[in-house]
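Inspection log for the structure reproduced underneath, given as structure tokens.
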Amino acid sequence: QVQLVESGGGLVQAGDSLRLSCAASGRTFSNYAVGWFRQAPGKEREFVAVIRRNGGLRDYEDAVKGRFTISRDNAKNTVYLQMNSLKPEDTAVYYCAAGGDTSVIILRRSMSFDYWGQGTQVTVSS
């Protein structure tokens, strides 16, 4: 089992930045790929970003490319999502998830992940 806890969400204005953290405990965290997903009210959960277990490969949803950066510190069992130039359409509950390390194409799918955090709310006002 892997337990995940997200933090760092909040209410910000358009153009501001936030850094989300996903802290893991349990099984060896460095064995897992980690993804960030988000879900806005009335919408389905969508892929945001993913990072392979060694941090060498990353992938982003087109709408966040160039604004968001995913990174990980395996020594601290933590994955980060740095979000810059936030827009109102980024408003959502953000979830981190851990799953088997495989291709980033497969990791864009939420069903590829076995463990999920409880989510952290990000609200961007215009």
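A donor-acceptor contact shorter than 3.5 Å links the side chain of Asp101 to the backbone of Arg53. At distances below 3.5 Å, not a single donor-acceptor pair connects side-chain atoms of Arg19 with backbone N or O atoms of Gln82. Proximity of a side-chain donor or acceptor of Ser112 to a complementary backbone N or O of Ile106 within less than 3.5 Å is detected. Under the 3.5 Å distance criterion, the side-chain polar atoms of Glu6 are matched with a main-chain donor or acceptor of Gln118. Within the 3.5 Å criterion, the main-chain N or O of Tyr60 finds a donor-acceptor partner in the side chain of Arg108.
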(request) For side-chain contact (heavy atoms from CB on, under 4.5 Å), just list the numbers for Thr123 and Val12, CA-CA rounded to whole Å, side-chain angles, deciding distance to a tenth of an Å, and then say yes or no. (result) CA-CA 6 Å; Thr123 303; Val12 297; over 6 Å; no

(request) Test Tyr80 against Ile70 for side-chain contact (heavy atoms from CB on, under 4.5 Å), laying out the working first. (result) CA-CA 6 Å; Tyr80 305 98; Ile70 189 171; over 6 Å; no

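One distance of note links CZ of Arg72 with SG of Cys22; it measures 9.0 Å at 0.5 Å rounding. Atom OG of Ser25 and atom CG of Asn77 lie 8.0 Å apart (nearest 0.5 Å). Considering SG of Cys96 and CG of Leu4, their distance stands at 4.5 Å, rounded to 0.5 Å. How far OG of Ser21 is from CG of Asp73: 10.5 Å, rounded to the nearest 0.5 Å. Taking OG of Ser85 as the start and CZ of Arg67 as the end, the distance is 7.0 Å to the nearest 0.5 Å.
In this structure, the side chains of Arg38 and Lys43 stay at 4.5 Å or more apart for every pair of heavy atoms. A 4.5 Å side-chain heavy-atom check between Met83 and Tyr94 finds at least one atom pair inside the cut-off. A heavy-atom distance below 4.5 Å is found between the side chains of Phe68 and Leu81. Put simply, the side chain of Trp36 reaches to within 4.5 Å of the side chain of Val79, judged on heavy atoms. Proximity of Arg52 to Arg58: side-chain heavy atoms (C-beta onward) are nowhere separated by under 4.5 Å. Under the 4.5 Å side-chain criterion, counting only non-hydrogen atoms from C-beta, Val124 is in contact with Val122. Proximity of Lys76 to Asn74: side-chain heavy atoms (C-beta onward) are nowhere separated by under 4.5 Å. Looking at Arg45 and Val93, their side chains never come closer than 4.5 Å, going by heavy atoms from C-beta outward.
For the pair Lys87 and Asp90, the salt-bridge criterion is not met [side-chain N within less than 4.0 Å of a carboxylate O].
Across all their heavy atoms, Phe29 and Ala24 have their closest contact at CD1-CB, 3.2 Å. Of all non-hydrogen atoms in Phe113 and Gly99, the two that sit nearest each other are CD2-N, 3.5 Å. Shown here for Pro88 and Ala14, the closest heavy-atom pair between the two residues is CD-CB, 4.1 Å.
A disulfide (SG to SG under 2.5 Å) check over residues 29-87, counting only residues at least two apart or in different chains, returns nothing.
Using modelled atom types and a 3.5 Å distance limit, the side chains of Glu89 and Thr91 yield no donor-acceptor pair. Residues Asn84 and Ser17 bring a donor and an acceptor atom of their side chains to less than 3.5 Å of each other.
By the rule that hydrophobic residues join a cluster once side-chain heavy atoms approach within less than 4.5 Å of another member, Tyr95 and Val64 end up as members of separate clusters.
Aromatic ring orientation, Phe47 versus Phe37: perpendicular (interplanar angle above 60°, classes split at 30° and 60°).
Of the options Leu57, Val34, Ile105, Leu107, a side-chain contact (heavy atoms from CB on, under 4.5 Å) to Val50 is made by Leu107 and by none of the others.
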